[in-house]
Amino acid sequence: MKKLIAAALASTALTGAALAQSADVTEFRIGILGGENAQDRMNSYECLRGYTEERLGVPAKLFAPADYNGVIQGLLGGTLDMAWLGASAYAAVYLQDPEAVEPVLVKINLDGSYGYHSIGFARKDAGINTLEDMQGKVFGFGDPNSTSGYLIPSIEIPQTTGATMESGDYFGEVKFTGGHEQTIVAVNNGDVAGGVTWADGQGNWEDGYNSGALRKAVDAGLVDMNDLVEIWRSKPIPEGPVVLRKDLPEEVKTTMTQLVDELHEMDADCAYGVAAGESLGFDPIAHDAYVSIVEARKAKSN
């Protein structure tokens, strides 16, 4: 039996090697969007890196740039082959070069949807329960290329407050923390009074919901959700896509799409890390799902 398994594995490895060699792919590079510290991101994706090497038969490397723009530029410059982008980061790539990447898969929530929310939150002991309570206080955005950490709240919060997001207009000061984890830590430490991050908005607040940056922060022991309170929630946002570099060989794109698509059934723990929490895995998606975000980003940059 062991010989049969070994033979099957060898056969799989040879198939992968032949696939990659015939396609002139010498390595496969996966970019990991910001949101938590680089080491935790690398740890979450290590299992996917290993599976990628098995399937393609070439070395796979992980890259975790300090900010979203590092992944965006890597995809535009052809130095990254795959990444799971936020919707706004995908829009940024698309607006600069519509031929750079193609969206192939999207994370599916436990209820079968593929939306999530920008969640406004504050410390419970700060006496802040609504956006109104935030007036005159310090507000934290995440990364300027984040959908939930900047783009959507920068459009929707002013619709609620009737004021701009300029420092001193409604909020005393508006600043960028650098990313989701930084925002969560900054609010928890009292460095900013409130901020925004992402979550599917499903499940229990105490768990950081089922998936998202709050869930990852809880898993990492960074926060106790009982110390925090939700003060605002955006309308549903389409979950960002897993994208592949468009000029990759078709057989490589097919292999990698199939790998991520099967990940949840194949290795639930690996899928949990990659998907930032509980999910039903990944399903096919296309550009049409992101037209509204592309338009919102285009309008914001004009």
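In this chain, numbering begins with 1 at the start of the sequence shown. Note that the structure is a prediction, hence the values are computed from the model and not measured.
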* Asked: Hey, would you say the Tyr150 and Phe176 ring centroids sit under 6.0 Å apart?
  -> yes
* Glu132 atom CD, over 12 foreign heavy atoms within 6.0 Å -> no
* Would you say the side-chain atoms of Thr177 and Thr183 include a donor-acceptor pair closer than 3.5 Å? -> yes
* **Polar contact flag, side-chain donor to acceptor under 3.5 angstrom, Asn226-Asp224** => yes
* Asked: Under a 4.5 Å cut-off applied to non-hydrogen side-chain atoms, are Leu222 and Ile184 in contact?
  -> no
* His264 ring center within less than 6.0 Å of Phe282 ring center -> no
* Quick one: does Lys107's side chain get under 4.5 Å of Tyr114's, heavy atoms only? -> no
* Please indicate whether Lys246 has more than 12 foreign heavy atoms, meaning atoms of other residues, nucleotides or ligands, lying under 6.0 Å from its NZ. => yes
* Asked: Atom CG of Leu75 and atom CG of Asp97: how far apart are they, to the nearest 0.5 Å?
  -> 10.5 Å
* **Trace of the side-chain hydrogen bond (donor to acceptor under 3.5 Å, both in side chains) decision for Tyr272 with Arg215** => CA-CA 11 Å; Tyr272 182 99; Arg215 179 63 171 250; 2.9 Å; yes
* Asked: Roughly how far, to the nearest 0.5 Å, is the CG atom of Leu80 from the CZ atom of Phe63?
  -> 6.5 Å
* Hey, are the side chains of Val229 and Phe121 touching, using non-hydrogen atoms and a 4.5 Å cut-off? -> no
* Consider only side-chain N and O atoms of Lys216 and Ser44, and report whether a donor and an acceptor are under 3.5 Å apart. => yes
* Would you say the side chain of Leu95 lies within less than 4.5 Å of the side chain of Val294, judging by non-hydrogen atoms? -> yes
* Asked: Are the side chains of Asn210 and Asn109 in touch, meaning some heavy atoms are under 4.5 Å apart?
  -> no
* Can a salt bridge be assigned to the pair Asp227 and Lys124 using a cut-off of 4.0 Å between side-chain N and carboxylate O? -> no
* Asked: Rounded to the nearest 0.5 Å, how far does CG of Leu33 lie from OG of Ser146?
  -> 8.0 Å
* To do: Would you check if the side chain of Ser154 reaches a backbone N or O of Leu151 as a donor-acceptor pair within less than 3.5 Å?
  => yes
* **Salt-bridge criterion met for Lys253 and Glu102 (N-O under 4.0 Å)** => yes
* If you measure from the Lys or Arg side-chain nitrogens to the Asp or Glu carboxylate oxygens, is any gap between Arg55 and Glu262 under 4.0 Å? -> yes
* Asked: So with a 6.0 Å cut-off around CD of Glu265, is the heavy-atom count from everything else above 12?
  -> no
* Asked: Do Ser118 and Arg233 touch side chain to side chain, with heavy atoms closer than 4.5 Å?
  -> no
* With under 30° as parallel and over 60° as perpendicular, where do the rings of Tyr94 and Tyr90 fit, or are they tilted in between? -> tilted
* Roughly how far, to the nearest 0.5 Å, is the CD atom of Glu181 from the CG atom of Asn37? -> 4.5 Å
* Asked: What pairs meet the disulfide bond (SG atoms under 2.5 Å apart) rule with one or both residues in residues 80-157, with sequence neighbours excluded?
  -> none
* With rounding to the nearest 0.5 Å, note down the distance linking OH in Tyr45 to CG in Asp40. => 13.0 Å
* Asked: Should Tyr209 and Tyr116 count as side-chain neighbours, where that means a heavy-atom distance under 4.5 Å?
  -> no
* Close side-chain approach of Glu173 to Ser167, heavy-atom, < 4.5 Å -> yes
